[in-house]
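First up is the structure itself, then whatever we jot down about it.
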Amino acid sequence: FEIERIQKNLIDMSPFEKSITSKLCAHILLSMSDREQAEEMMRQALIWMPSSYRHYVAVLTWLLGITHWLKSSKHADAINEWKAAIGIFYDISMSSVLTITNKTWYDNELVFMRKALRKAIEIDQLPPLDNFKHLLTAHEIPSRRKFGTTVPRFGKDEQIEVEKEDFAF
């Protein structure tokens with residue numbers, strides 16, 4: 001089974017890489033309708049994500065909410081995760097080190113996230129996932145290192161292009 005093979009390779013990965021890999025495994029499991037395992041993998045992704053990557057912690061928290069929602073009995077858990085993700089984005093948006101452009105981006109995303117949360121609560125239905133793709137796309141992913149090397153894992157100023165699917169459900 002491919003996911004088991006992937007999980008065995010997690011040992012050689014950085015925490016960030018483990019997190020991204022677990023998130024991708026969760027996506028695969030959801031596509032196979034294994035919601036229980038998908039939820040566990042998404043939870044692992046959140047645990048492994050370094051807390052210093054607050055943007056990604058917020059995105060994974062939002063995705064964990066989606067995973068909870070898809071397990072029909074966990075709507076309250078989903079709403080709590082979405083509220084937590086909104087809180088993290090709000091904290092980031094209040095940072096004095098953000099550029100005006102970045103602050104505006106976070107402010108706009110907060111409006112979008114709050115509307116999505118209200119919609120989910122009001123009509124008790126997961127908002128269309130297509131609307132989440134711009135929020136759930138990773139814009140800056142640290143550079144990957146070769147496994148087994150001792151070089152720094154992340155380049156601070158490097159901008160890496162990634163596929164939209166890296167963080168989108």
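- Of all heavy-atom pairs between L64 and E39, the closest is CD1-O, 4.0 Å.
- A pairwise comparison of heavy atoms in A85 and A58 identifies CB-O, 3.4 Å as the closest pair.
- Linking Ile, Leu, Val, Met, Phe, Trp and Tyr whenever their side-chain heavy atoms come within less than 4.5 Å puts M94 and L98 in one cluster.
- By the 4.5 Å heavy-atom criterion applied to side chains, I121 and K119 are not counted as neighbours.
- The pair E40-R43 counts as a salt bridge, with a side-chain nitrogen and a carboxylate oxygen less than 4.0 angstrom apart.
- Side-chain N or O atoms of K103 include one that pairs as donor or acceptor with a backbone N or O of S93 at under 3.5 Å.
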Could you go step by step and tell me if L60 and S19 meet the side-chain contact (heavy atoms from CB on, under 4.5 Å) rule?
CA-CA 9 Å; L60 289 171; S19 180; 3.2 Å; yes
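- Taking the six-membered ring where the residue is Trp, W69 and W82 present parallel rings, their angle staying beneath 30° rather than reaching 60°.
- The one candidate from F112, F89, Y90 that meets the ring pair (Phe, Tyr, Trp, His ring centres under 6.0 Å) condition with Y106 is F89.
- The closest side-chain heavy-atom distance from L30 to R35 is below 4.5 Å.
- When side chains are defined from C-beta on, W62 counts as touching I66, because their heavy atoms get closer than 4.5 Å.
- Nearest approach of T61 to A84, heavy atoms of both residues: CG2-CB, 3.9 Å.
- Within the 4.5 Å cutoff, side-chain heavy atoms of I47 are placed close to those of Q44.
- Side chain of T67 to backbone of L63: a donor-acceptor contact under 3.5 angstrom is found.
- The closest side-chain heavy-atom distance from H68 to E81 is below 4.5 Å.
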